[in-house]
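This report concerns only the one structure given below.
Sequence positions, counted from 1, serve as the residue numbers for this chain. Since the model is a prediction, treat every value here as computed from it, not as a measurement. For the numbers below, each heavy atom of this structure counts, side chains included, while hydrogens, waters and symmetry mates do not.
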Amino acid sequence: MRNISKDIEVVAVIGAGYLGRQIIEKTALKDYSLMIYDINQEDLDKYTRKVARIKRIKRVKGDVTFHNTLSDAVKDADLIIEAVPEKLELKKEIFIKIDKAAPPHAIIATNSSSIPVSKIEDVVQRKDKVLNIHFYHLILQPMADIMRGTKTSDETFEKGKRWVESIEITPLIVKKECFGFVFNRIWRAIKKECLKVWAGGHADIETIDKAWKIYTGMGLGIFQLMDNIGLDVVYDIEMSYYNESGDPDDKPPQALKDMVDKGLLGRKSGKGFYDYTL
């Protein structure tokens, strides 16, 4: 089946962490060529071969290649998805490098969980070709926020939207810029209160997760979801909100920072709110 996102044939993903890999695997099931770069190169070559095998088994077109440098990964791309940690200055650094190395027609999207692309766009020349495409857990929640920058063209926005739809993800259109976008803003309010209840000693994580699962019918609780995301990522996102508002109520609990400092990052480290080594 040919992809329906016209003019986008080569997709580069910069950052192959928890969400980056999900984006890669969803894209791999369609007729796109994938260019992958991550600063952590240890297991990435093996992972790239795994994705290439998926494409062969599913009989879909398009190559999957791993690149040692960011510039090589984006030099032929039509769409670049930046999926690096939730740190504004880091994202700006990556956008500068992408802008210099990518073809003039290429669209640059940030997978930021909270930061509007308008806070990044000043570092690039192609301000009409940037946007937010924020993906959620693509197995449990196959949806993505899509939001313009201050100068994003209608053509860029429409191409991004069609590409999201072409990999069978539901786009959530943000009509007016806001911090946190659509569902992430709602999810963040729930997550924030759950962290407060836990850190304040009002209830343990099992009780909070039990209540959430009974109410929503979901198989995973709030703290299990945070463990899947990575507690370092959760902390960085919460700090993004706090840095934006300056409101002490938005500052994440010290207990969460203590866990991150101890390397208790969730499923990826073996322990977080729950123990995954058992």
State, yes or no, whether a side-chain contact exists between Tyr242 and Asp247 at a heavy-atom distance under 4.5 Å.
no
Is the Phe273 ring parallel, tilted or perpendicular to the Trp198 ring (thresholds 30°, 60°)?
perpendicular
Any salt bridge between Glu165 and Lys161, counting N to O under 4.0 Å?
yes
Do side-chain atoms of Lys92 reach the backbone of Ile120 as a donor and acceptor pair under 3.5 angstrom?
no
Quick one: does any side-chain atom of Asp275 pair with a main-chain N or O of Lys271 as donor and acceptor, under 3.5 Å?
no
Has Thr152 got a side-chain atom pairing as donor or acceptor with Val130's backbone, closer than 3.5 angstrom?
yes
Could you check whether any side-chain N or O of Asp78 sits under 3.5 Å from a backbone N or O of Val10, counting only pairs where one atom can act as donor and the other as acceptor?
yes
May I ask you to check whether Phe181 and His134 place their ring centres under 6.0 Å from each other?
yes
Residues Asp209 and Tyr274: side-chain donor-acceptor under 3.5 angstrom
yes
Side-chain donor-acceptor pair present, Tyr276, Ser269, cut-off under 3.5 Å:
no
Polar contact flag, side-chain donor to acceptor under 3.5 angstrom, Thr65-His67:
yes
May I ask you to say whether Arg126 pairs ionically with Glu121, meaning some side-chain N is under 4.0 Å from a carboxylate O?
no
What I want to find out is whether Glu82 reaches Lys91 closely enough, with some N-O distance under 4.0 Å, to be called a salt bridge.
yes
Distance only, no hydrogens: is a donor on one side chain within 3.5 Å (strictly under) of an acceptor on the other, for Asn228 and Gln224?
no
Is it the case that Thr69 and Asp72 place a side-chain donor and acceptor less than 3.5 Å from each other?
yes
Check Arg188 with Asp250, please: is the shortest side-chain N to carboxylate O separation under 4.0 Å?
yes
Could you tell me whether Tyr241 and Phe179 have their ring centroids closer than 6.0 angstrom?
yes
So, applying salt bridge (charged side-chain N to carboxylate O under 4.0 Å, His left out) with Lys119, which one of Glu89, Glu244, Glu177 is it?
Glu244
Okay, side chain of Lys268, backbone of Leu265: is any donor-acceptor separation there less than 3.5 Å?
no
Answer yes if the side chains of Ser114 and Glu86 hold a donor-acceptor pair under 3.5 Å, and no otherwise.
yes
Looking only at the side chains, is there a donor atom on one of Asp63 and Ser33 sitting less than 3.5 Å from an acceptor on the other?
no
side-chain hydrogen bond (donor to acceptor under 3.5 Å, both in side chains) involving Thr156 - partner list, sequence neighbours excluded:
Ser153
